[in-house]
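All of these numbers come straight from a predicted model, not from anything done at the bench. In what follows, every chain begins at residue 1, and chains take the letters A, B, ... in the order their sequences are listed.
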There are 2 protein chains.
Amino acid sequence: MASVPRRADAAQNRARIVECARALVVRPGELKLNEVAKAAGVGQGTLYRHFPTRDDLLIEVYRADVEALVAAAPELLAEQPPLEALHSWLRRVAEYARVKRGVFAAVTASVRTDLAGHSVGSIAEAITLLLDAAKAQRVARPDVDARDVVLLLGSLMKIDDDEWDTRAGHLIEIILAGLRS
Amino acid sequence: MASVPRRADAAQNRARIVECARALVVRPGELKLNEVAKAAGVGQGTLYRHFPTRDDLLIEVYRADVEALVAAAPELLAEQPPLEALHSWLRRVAEYARVKRGVFAAVTASVRTDLAGHSVGSIAEAITLLLDAAKAQRVARPDVDARDVVLLLGSLMKIDDDEWDTRAGHLIEIILAGLRS
DNA sequence: ACCTGAACACCGTTCAAGT
DNA sequence: ACCTGAACACCGTTCAAGT
């Protein structure tokens with residue numbers, strides 16, 4: 001799935017689709033697939049050939065962002081105590097979610113894909129890394145897992161734009177307090 | 001808005017629409033408005049006349065359930081210490097949310113409507129009642145409000161059916177721990 | 001005052017035909 | 001092997017005509 005196309009024109013089409021999707025996804029409302037195809041100058045069928053599901057496209061659109069989040073986990077853990085690292089990481093996720101609303105759909109989709117494909121370096125593993133470190137020092141509840149965190153983080157998506165500044169950091173503090181032992 | 005119709009046939013149509021919506025909303029997927037109109041034996045325009053927005057209909061469908069939740073708050077508070085009452089109330093919300101998935105959409109819609117209309121006996125007031133009691137005893141964070149709770153509770157909606165039993169109570173415990181001071 | 005339902009708009013998805 | 005775009009399906013929403 002999502003393998004690299006063999007033909008050069010196909011690879012270019014694929015790249016242009018992702019590029020246009022990235023430009024369009026920032027606009028309010030759901031990303032319109034037909035609009036992406038039109039903007040990329042390809043037929044709708046071509047879009048579906050490369051990305052059978054909406055999630056496939058979103059994962060690709062936010063791949064770099066998600067990878068950055070995954071990479072940040074061990075880095076933060078090297079600099080700070082586990083709970084502070086977790087806090088910093090959650091705040092970073094919130095920043096992404098504010099600027100790029102759709103990134104969370106990609107994160108959720110990635111977690112779902114993980115369950116089947118078990119890809120290396122996933123978001124779920126990043127969260128687990130942070131949680132395990134905190135559990136080892138007995139500063140986090142032993143019974144929480146990555147899915148708990150993903151589910152709770154989903155509440156960030158429901159925050160209205162005008163209340164973001166005051167509400168987002170607040171919710172993260174509450175979530176972190178809940179994870180603490 | 002949503003005032004009682006003057007004519008008898010209009011009142012009957014309205015009642016039948018709500019009745020059919022209640023029957024259809026339990027099925028998986030979003031409630032289809034045209035399907036509701038057809039099931040109720042009325043034109044689509046009639047449905048829109050009575051319920052200009054989807055939220056208006058959902059609020060009506062779950063009115064009794066939401067009122068029961070609102071009424072439960074002071075009752076639980078009379079029986080238990082504030083934090084236990086809050087815990088019990090959250091668990092009750094979770095029960096509703098499991099059986100009637102859509103009830104949460106109604107709760108969210110109610111909170112939105114509250115902001116404008118300021119209706120008495122709302123969900124937001126019920127939560128505030130519980131939170132204030134807990135704050136008064138210094139067992140809850142002073143900086144949390146009803147919207148925090150509603151946003152966090154939204155994570156329950158994303159729980160898959162097959163993991164509900166183990167996950168829902170767990171998430172509520174984490175949320176409650178986060179609200180604790 | 002209220003109802004009907006055809007009609008429009010919109011968007012996702014498929015597939016026969018083409019290169 | 002890959003692309004195109006007409007066509008279908010589906011659902012929300014409106015509105016002219018009717019009672």
*Rounded to the nearest 0.5 Å, how far does CD1 of A:Ile17 lie from NE2 of A:His50?*
5.0 Å
*asked:* Taking the minimum atom-to-atom distance to the side chain of B:Val42, which one of D:dC2, C:dT4, D:dG12 wins?
replied: C:dT4
_How close do A:Cys20 and A:Val36 get, counting heavy atoms only, and between which atoms?_
CB-O, 4.3 Å
*Please report, rounded to the nearest Å, how far the C1' atom of D:dT13 is from the CD atom of B:Glu35.*
17 Å
_Tell me the interatomic distance from B:Tyr48, atom OH, to C:dG5, atom C1', rounded to whole angstroms._
14 Å
*May I have the distance from B:Asp9 (atom CG) to C:dT4 (atom P), rounded to whole angstrom?*
9 Å
*Between C:dG12 atom C1' and A:Leu47 atom CG, what is the distance in whole Å?*
11 Å
_Less than 4.0 angstrom from a charged side-chain N to a carboxylate O is my criterion; do A:Glu60 and A:Arg63 meet it?_
yes
_Gap between atom CG of A:Leu57 and atom CG of A:Leu47 - 0.5 Å precision_ = 6.0 Å
_On DNA chain D, does the nearest nucleotide to A:Gly43 precede the nearest nucleotide to B:Glu30 from the 5' side, or the other way round? Give the residue._
A:Gly43
*OP1 or OP2 of C:dC2 under 4.0 Å from side-chain N/O of B:His50*: no
*Does atom CZ of A:Arg16 have more than 12 heavy-atom neighbours, drawn from other residues, nucleotides or ligands, at distances under 6.0 Å?*
yes
*Nearest to the side chain of B:Lys32 - D:dT4, D:dC3, D:dC11?*
D:dC11
*Pick the nucleotide of DNA chain C nearest each of A:Leu33 and A:Gly45; which residue has the one closer to the 5' end?*
A:Leu33
Give the table of side-chain donor-acceptor pairs shorter than 3.5 Å for residues 167-181 of chain A, with sequence neighbours excluded, one pair per line with atom names and distance.
unit_1, atom_1, unit_2, atom_2, d
A:Arg167, NE, A:Glu163, OE1, 3.4
A:Arg167, NH1, B:Asp145, OD1, 2.7
A:Arg167, NH1, B:Asp145, OD2, 3.0
A:Arg167, NH1, B:Asp148, OD1, 2.8
A:Arg167, NH2, B:Asp145, OD2, 3.3
A:His170, ND1, B:Asp148, OD1, 3.3
A:His170, ND1, B:Asp148, OD2, 3.0
A:His170, NE2, B:Asp143, O, 2.8
A:His170, NE2, B:Asp143, OD2, 3.3
A:Glu173, OE1, B:Arg141, NH2, 3.3
A:Ser181, OG, A:Arg138, O, 2.9

_Neighbour count above 12 (heavy atom, 6.0 Å) for A:Lys158 NZ_ = no
_side-chain N/O A:Asn13 vs D:dC3 OP1/OP2, d < 4.0 Å_ = yes
*Nearest to the side chain of A:Arg7, which nucleotide is it out of D:dC3, C:dC3, D:dA1?*
D:dA1
_Interatomic distance, B:Arg49 CZ vs D:dT19 P [rounded to whole Å]_ = 17 Å
_Sugar-phosphate only, base, or nothing, as touched by A:Leu31 at under 4.0 Å among non-hydrogen atoms_ = sugar-phosphate
*Any side-chain N or O of B:Asn34 under 4.0 Å from OP1/OP2 of D:dC10?*
no
*Proximity to the side chain of A:Gln44 - top-ranked nucleotide from D:dC11, D:dC3, C:dT13*: C:dT13
*Starting from P on C:dA6, measure out to NZ on B:Lys38 and report it in whole angstrom.*
12 Å
*With a non-hydrogen cut-off below 4.0 angstrom, is B:Gly29 in contact with a base, only sugar-phosphate, or nothing?*
nothing
*Whole angstrom is fine here: how far is it from CZ in B:Arg27 over to P in D:dC11?*
10 Å
*asked:* Could you check whether atom CZ of A:Arg92 has more than 12 heavy atoms from other residues, nucleotides or ligands sitting under 6.0 Å from it?
replied: no
_Between P on C:dC3 and CD1 on B:Ile17, what's the gap in Å once rounded to a whole number?_
8 Å
*Could you provide the dot-bracket string of DNA chain D, using ( ) for intrastrand pairs, [ ] for crossing pairs and | for bases paired to another strand, with Watson-Crick or G-U pairs below 3.5 Å?*
||.|||||...|||||.||
